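Structure first, then comments.
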There are 2 protein chains.
Amino acid sequence: MTNTTLKLLAQQLQLSISTVSRALKDHPDISAATKAKVNALAQSLDYEPNAYAIQLRTQSSKILGVIVPAISNLFYDSFIAAVEEESRNNGYAVMILQSSHNPENELSNLKIFRQNRVSGVFACLSSSAENLEVYQKMNEREIPVVFFDIVPKDNRFTKVRMADERCAIMAAENIIKRNAKKVLAIFGDEGLSITQKRKTAFQKFMQDFAPKTHCSYAHAANTNDAADIMKKFADKKQKVDTVFCMTDEILIGVMKTIQELQIKVPSEIGVIGISNGFIPNLYYPHISYVETSGHELGKLAFVQMMANMKGGKTLTELTVDAKFVEGGSM
Amino acid sequence: MTNTTLKLLAQQLQLSISTVSRALKDHPDISAATKAKVNALAQSLDYEPNAYAIQLRTQSSKILGVIVPAISNLFYDSFIAAVEEESRNNGYAVMILQSSHNPENELSNLKIFRQNRVSGVFACLSSSAENLEVYQKMNEREIPVVFFDIVPKDNRFTKVRMADERCAIMAAENIIKRNAKKVLAIFGDEGLSITQKRKTAFQKFMQDFAPKTHCSYAHAANTNDAADIMKKFADKKQKVDTVFCMTDEILIGVMKTIQELQIKVPSEIGVIGISNGFIPNLYYPHISYVETSGHELGKLAFVQMMANMKGGKTLTELTVDAKFVEGGSM
DNA sequence: AATTTTGTCGCAAACGTTTGATATTTTATA
DNA sequence: TATAAAATATCAAACGTTTGCGACAAAATT
């Protein structure tokens, strides 16, 4: 079955293509009678405007691109969900590509976006090795880029992210409030700026406000690493009374060890994390956490995108605030 | 900055547009010398073919659509991830839309796909009220549809899904092996065919092979429901010794109650689920589960899509097999 | 009655490609 | 040396829209 086009409608109605086009868009030049006829036929023939032709003609697509390290991730999936929702409500469709933490994929994904002439891209850097010229090139082509979560240091770009320092400090506050004496703080990939920000803020805060609290620092690349680290610090000699987990992956690893060794929470050990809340609520008692909402971030990113597309360049760095959610683990 | 087009390249090289086009595609008609020149200029001017023009001209897009109830979901996110990966490796980009379990959204999403002339769509039904004419219309327009997970009964369509009956039976087998006497089996939304299939198979198997085992059946719409149900069955009078959870959501709820009441797993209660494995491994001991891999299903769906796009209609219903993964909860 | 305004509609070019047919030059064959 | 064959490059139409401009009638204004 051949697709119905403006031309086809025009032929059947003995009208010109332009008249049909205008009728369908409710253009004032066209009489009500004609509009009615056109709409009726379009309806019965299932006319669907060809987005390609429109985009080619108008040089503007209604598609936004999202690059994410992985779709299957508790934080990014909710970010994507939020962006998709906002987009759809504003007449945009979303194209999602994953970089799998691989800069090469990131590049080829960007290429796909360029070829599909997306009208904007949300990007999360896949590695600490920032390859920014590509993004700069996007901007030169008037394709706004909004970075999220893992953002470049460079301030030629628009960025939205969690209030990383605030998150870390909030966690530290609650650790101090618990009157912890020996703290284990496990952070993520050392290469990422997000890690550095959180760690620096945490460290400084602890030194300033609880100089007598002994803090150990560790980095875990994944869940198993975190479980191992926790194991090491759970033995008699260096037993810690509070553990801070920078990510969900780390929290999961830590909890694995805690459950395995049957350490009591919160009496024997206090646990606090940074999370969107899903994982912390899986345990009993619920783990206390500083909330970072992928959903919120997605919504913020979207308004930034719209702002960038409408007005001139708004080279801001916005953060979404964090809040502490009391579980029963502290 | 204006985009570089074939026309621009042609002008600068004093060649015709068609020559440039053919040179870039390594067409045998064009001499090596010309090809070299063209490629060099294209490179230095960052030429990117305009996907819209190509799609308009060739009437075929390199975009696939995915409709999913929710992106932020432990099963669907891995399905999406797999489809995206396969697609990218085959030169396709993926457009993802969520229906939020709402048939209306499902319809408008399909519209977006039609207007963007996607060359195929993966669809997961958003409700038991199957609105199939729309999908039939897609097929008539030669846009293949591959249903996944929640599929229509109608056999005019291509479907891939988990081997639902097998999953349930495998779980039942392991329950019998444990020598369970009082079983609580919690299933999901009663309206979905996937629930019916699993429940029927489970029930029949238990009756046939362990007629003396007492089974209670319940349905939970979400995590909290499951937690409540579990609470009811954990009291003295009707204490169960084994619980079967049809979904991750249910498992989470059940485990919440189990942790809260400090019931020992597996000595006091055996727990078994159907899952992709992420959630079961969060607990200690790991929960035994029948594995249903969204990733596997995604890969299967993709090959079905390719088959449908190449050859004629292959109206098959394929299932991906399940396997039992021993945790320590049985 | 002559002129202007208003209401409808059509013409044609453009967006950036692809591709069958055709033209031109070079090389090989008779 | 003439002629066929091969190599190379060009022409022009088409894909389905949008949109500035012009055309023509009927209605309104002088």
Side-chain angles (χ1 to χ4, degrees), chain A residues 1-39 41-42 45-63 91 114-119 141-143, chain B residues 1-39 41-42 45-63 91 114-119 141-143:
Chain A
M1 172 187 155
T2 167
N3 269 323
T4 98
T5 68
L6 287 185
K7 189 202 274 187
L8 186 71
L9 295 180
Q11 284 173 346
Q12 300 219 2
L13 292 167
Q14 295 282 55
L15 286 172
S16 75
I17 294 178
S18 31
T19 303
V20 174
S21 171
R22 289 189 169 102
L24 288 171
K25 322 187 88 67
D26 206 21
H27 192 286
D29 268 11
I30 308 299
S31 72
T34 311
K35 280 177 189 170
K37 266 188 289 186
V38 172
N39 278 313
L41 188 64
L45 259 51
D46 284 322
Y47 170 74
E48 302 265 8
N50 185 323
Y52 297 142
I54 295 174
Q55 284 153 350
L56 180 59
R57 168 64 223 231
T58 62
Q59 297 288 50
S60 86
S61 82
K62 282 293 200 175
I63 299 183
R114 286 196 304 268
Q115 297 190 353
N116 280 289
R117 303 292 194 269
V118 297
S119 48
R141 293 199 183 184
E142 324 246 288
I143 302 176
Chain B
M1 170 187 158
T2 166
N3 269 323
T4 98
T5 67
L6 287 185
K7 190 202 272 188
L8 186 72
L9 295 180
Q11 284 172 345
Q12 300 218 2
L13 290 167
Q14 295 282 55
L15 285 173
S16 75
I17 294 178
S18 30
T19 302
V20 174
S21 170
R22 289 190 167 100
L24 287 171
K25 323 187 85 65
D26 205 23
H27 192 285
D29 269 10
I30 309 297
S31 70
T34 311
K35 280 177 188 169
K37 266 188 291 185
V38 172
N39 279 312
L41 187 66
L45 260 51
D46 283 323
Y47 170 72
E48 302 264 7
N50 184 323
Y52 298 143
I54 295 175
Q55 285 153 350
L56 180 58
R57 169 63 223 227
T58 63
Q59 298 287 54
S60 85
S61 81
K62 283 292 199 174
I63 299 183
R114 285 196 304 269
Q115 296 190 353
N116 280 287
R117 302 293 194 269
V118 297
S119 49
R141 292 198 184 185
E142 325 245 290
I143 303 176

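Basis for what follows: all heavy atoms, side chains included, without hydrogens, waters or symmetry-related copies. Residue numbers begin at 1 in each chain, while the letters A, B, ... track the order of the sequences. Please read all numbers here as calculations on a predicted model, not as lab measurements.
Across all strands shown, B/I54 has heavy atoms under 4.0 Å from sugar-phosphate atoms exclusively, and none from any base. Residue B/T5 is classed as a sugar-phosphate contact, given heavy-atom separations below 4.0 Å to backbone atoms only. Looking at heavy-atom distances under 4.0 Å, A/D29 makes contact with a base. Residue contacts for A/S31: at a heavy-atom cut-off of 4.0 Å it reaches the sugar-phosphate backbone alone, with no base atom in range.
When rounded to the nearest whole Å, the span between CG of A/N3 and C1' of D/dT17 equals 14 Å. Rounded to whole Å, the distance from CD1 on A/I17 to C1' on C/dA13 is 13 Å. In this structure, B/L13 atom CG and D/dA9 atom P are separated by 11 Å, rounded to whole Å. Computed from coordinates, the A/Q59 CD to D/dT19 P distance equals 12 Å when rounded to whole Å. Atom pair A/K25:NZ and D/dG16:C1' shows a separation of 12 Å (rounding to whole Å applied). In this structure, the NZ atom of A/K37 is 13 Å from the P atom of C/dT8, given to the nearest Å. Here C/dC11 presents its C1' atom at 15 Å from NZ of A/K7, a figure rounded to the nearest Å. For the pair A/L6 CG and C/dC9 P, the computed distance is 16 Å after rounding to whole Å.
Residue A/T19 has its side chain nearest to C/dG10 when only D/dC15, D/dC11, C/dG10 are considered. Minimum atom distance to the side chain of B/S21 is reached by C/dT19, of the listed C/dT19, D/dA9, C/dC9. In the set C/dT17, D/dG20, C/dG16, the nucleotide with an atom closest to the side chain of A/R22 is D/dG20.
For the OP1/OP2 pair of D/dA14 and a distance below 4.0 Å, the side-chain nitrogens and oxygens of A/Y52 include no atom meeting the criterion. In terms of phosphate contacts, B/T34 brings a side-chain nitrogen or oxygen within less than 4.0 Å of OP1 or OP2 of D/dA9.
For the pair B/S119 (side chain) and B/S60 (backbone), a donor-acceptor distance under 3.5 Å is absent. Side chain of A/K62 to main chain of A/Q55: no donor-acceptor pair is present (N/O by atom type, distance under 3.5 Å, no hydrogens or angles).
With values rounded to the nearest 0.5 angstrom, A/Q11 atom CD is found 8.0 Å from A/I17 atom CD1. The distance from atom CG of A/L13 to atom OG1 of A/T19, rounded to the nearest 0.5 Å, is 10.0 Å. Atom OG of A/S18 and atom CD1 of A/I30 lie 8.0 Å apart (nearest 0.5 Å).
Taking 3.5 Å as the limit, the base of D/dC11 and the side chain of B/S18 contain a donor-acceptor pair of atoms between them.
When each of A/L56 and B/L15 is assigned the nucleotide of DNA chain D with its nearest heavy atom, B/L15 is the one assigned upstream, toward the 5' end.
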